[in-house]
2 protein chains.
Amino acid sequence: MTTPEINTWQGVQEEVRRRITQRVWRPGEFIPHEADLAAEFGCARATVNRALRELAEAGLLDRRRRAGTRVAVNPVRKAQLEIPVIREEIVAKGQAYGHRVLSREMPVPPAEVAARMQVAPGRKLLHLRTLHTADGAPYVYENRWINPEAVPAVLAEDFSAISPNEWLVREVPFEGGDFTFSALSAGGAEAEVLSCPAGTGLFVLDRTTWTGAGMITSVRLVFHPGYRMHTRL
Amino acid sequence: MTTPEINTWQGVQEEVRRRITQRVWRPGEFIPHEADLAAEFGCARATVNRALRELAEAGLLDRRRRAGTRVAVNPVRKAQLEIPVIREEIVAKGQAYGHRVLSREMPVPPAEVAARMQVAPGRKLLHLRTLHTADGAPYVYENRWINPEAVPAVLAEDFSAISPNEWLVREVPFEGGDFTFSALSAGGAEAEVLSCPAGTGLFVLDRTTWTGAGMITSVRLVFHPGYRMHTRL
DNA sequence: CAGTTTAATATGTGCAGACATATACCGGCG
DNA sequence: CGCCGGTATATGTCTGCACATATTAAACTG
């Protein structure tokens, strides 16, 4: 019996995946060395390496130098979810995007916000409350703090034509971000802005972004009732 | 001036990242070809390719054959979140894990569930309601449907010693999954099980998993009030 | 026999060269 | 002028080889 050669990394990956899901190689078990697999599939070791590396990154395999490669005991499912750009998400659904600024102030922030933004207490920050709408209906209530020291140009922008998020993405080179997903019960403010009964469960995304120089912005997005964030495999 | 050679893919990636965040290469702009970069850094094209490929996967670059590589206009932020194994999440926090089965029945499922599980209407499914606890306090309320045709062994298991999730992960070779994050307002059932006031906003994760043969299980996890799911960059 | 050094080995990475593939661009044709 | 097909080109991938690095297992030593 001649095995047809598998000499693409996708092919190798597919075959290895199959052997894992079909339990040819059981969880916790060592699989053959790269060199052996390369020989079996009739391809170069680099090709096998590429295939296995990705599977290890996905959490299906555990690899260690010298020790070898084994099938992960309980596959840590890492879901990759795309953080939406609100406008694009709405437009993609064929709805009309709109947004308006509800308030724009420059107060001394509450201690909790000052801490998260790593600014000295007493320092003022730009505070924006905006609403994104889809076909006129409330979609996301955005509550954002911006550090004007990190982005001086922000003071000259009124965000009537462009949302703070998109303006920041365009103007400021981000380096890192921090995301927290949670839920809250609509209080008076959220209920009014999103036109829903108080007490409605709402999906919340808190995001803080920074650059090497320091914190730029911290935003809470409160989504309309019924919002779902979805991902596959 | 002699540029020190950068001949590791990590080094190349770091340098390219720097040029993007510091706007040496501006959003939308084309960057030099792989061959040119390889020459500049004094490394092989394969090394540059590896560095750029990962940045493209991360959404920082747009690459197309023949056209070239350009800096992404608005970096699609892809957050990779780890779907927790409840028990491990609790144990990692130094708390005592516990779980108990609230109910175990085999009814004809509501139409909505039958559709999601792709079983003929009228067909019975195993329905489990369980509660995971951390130091005795309610942590997650789990509402699960299992297709016994896909996993016959499930009928012999009472899940007193092991949670349905972990049992399934151990026994059944998954192939794919479907995740939805949302929020709900605690109704009577959730409020009682999670010991919180009705109307509390709760974080919800719906997951459906399948294998080539068909749907295996569909579960709704309702987390305790205040639960947060977190990820970085 | 316990502790430490040394060697063996699997994965990780780099290189040069080649071919594969998608596609932007240009020139020809109706 | 618009359509169509050919071609150049940038990325995508494979190969065979080499060396680097982490880690285990064996050998050695007091």
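Not measured: the values here are computed from a predicted model. Throughout, a chain's letter reflects where its sequence line sits, starting with A, and its residues are numbered from 1.
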Does a nitrogen or oxygen in the side chain of [X] sit under 4.0 Å from OP1 or OP2 of [N]?
X	N	result
A:Thr47	D:dT13	no
B:Thr69	D:dA10	no
B:Arg63	D:dG12	yes
A:Asn49	C:dT11	no

Among the nucleotides [options], which one has an atom lying closest to any side-chain atom of [X]?
X	options	answer
A:Cys43	C:dG12, D:dT15, C:dG14	D:dT15
B:Gln10	D:dT24, C:dT11, C:dG14	C:dG14
A:Asn7	D:dT15, C:dT13, C:dA22	D:dT15
A:Trp9	D:dC14, D:dA22, C:dT13	D:dC14

[X] [atom1] - [N] [atom2] separation (whole Å):
X	N	atom1	atom2	value
A:Arg53	D:dT21	CZ	C1'	16 Å
A:Leu37	D:dC14	CG	P	15 Å
A:Asp62	C:dT11	CG	C1'	14 Å
A:Glu34	D:dA20	CD	P	18 Å
A:Phe41	D:dT15	CZ	P	13 Å
A:Arg65	D:dA25	CZ	C1'	18 Å
B:Ile31	D:dT11	CD1	C1'	12 Å
B:Asp36	D:dA10	CG	P	8 Å

Using a 6.0 Å cut-off, check whether atom CZ of A:Arg100 has over 12 heavy atoms from anything other than its own residue. no

Exceeds 12 heavy-atom contacts within 6.0 angstrom, atom CD of B:Gln10: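 Atom CD in B:Gln10 is packed in, count exceeds 12.
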
Could a donor-acceptor pair under 3.5 angstrom be found where the side chain of B:Arg45 meets the base of D:dT13?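 Yes, a donor-acceptor pair under 3.5 Å.
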
Salt bridge or not between B:Arg220 and B:Asp206? Use side-chain N to carboxylate O under 4.0 Å.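 Yes, charged N to carboxylate O under 4.0 Å.
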
Determine, for A:Arg170 against A:Glu166, whether the closest basic-nitrogen to carboxylate-oxygen distance falls under 4.0 angstrom. no

Plane angle bin for A:Tyr227 and A:Phe203 - parallel if under 30°, tilted between 30 and 60°, otherwise perpendicular: tilted

For the backbone of A:Gly212 and the side chain of A:Glu175, can you confirm whether one donor and one acceptor N or O come within less than 3.5 Å of each other?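 At least one qualifying donor-acceptor pair exists.
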
When the nearest nucleotide of DNA chain D is assigned to A:Ala44 and to A:Arg64 on a heavy-atom basis, which residue is associated with the more 5' position? A:Ala44

Taking all non-hydrogen atoms of both residues into account, name the closest pair between A:Ile90 and A:Ala134 and its distance. CG2-CB, 3.7 Å

Reckon A:Ala46 touches a base, only the sugar-phosphate, or nothing at all at heavy-atom distances under 4.0 Å? base

Scan side-chain atoms only and decide if B:Arg228 and A:Ser182 contain a donor-acceptor pair under the 3.5 Å cut-off. no

Grab the N/O contacts between the protein and nucleotides 4-8 of chain D below 3.5 Å, and write none if there aren't any.
unit_1: D:dA8; atom_1: N3; unit_2: B:Arg66; atom_2: NH1; d: 3.1

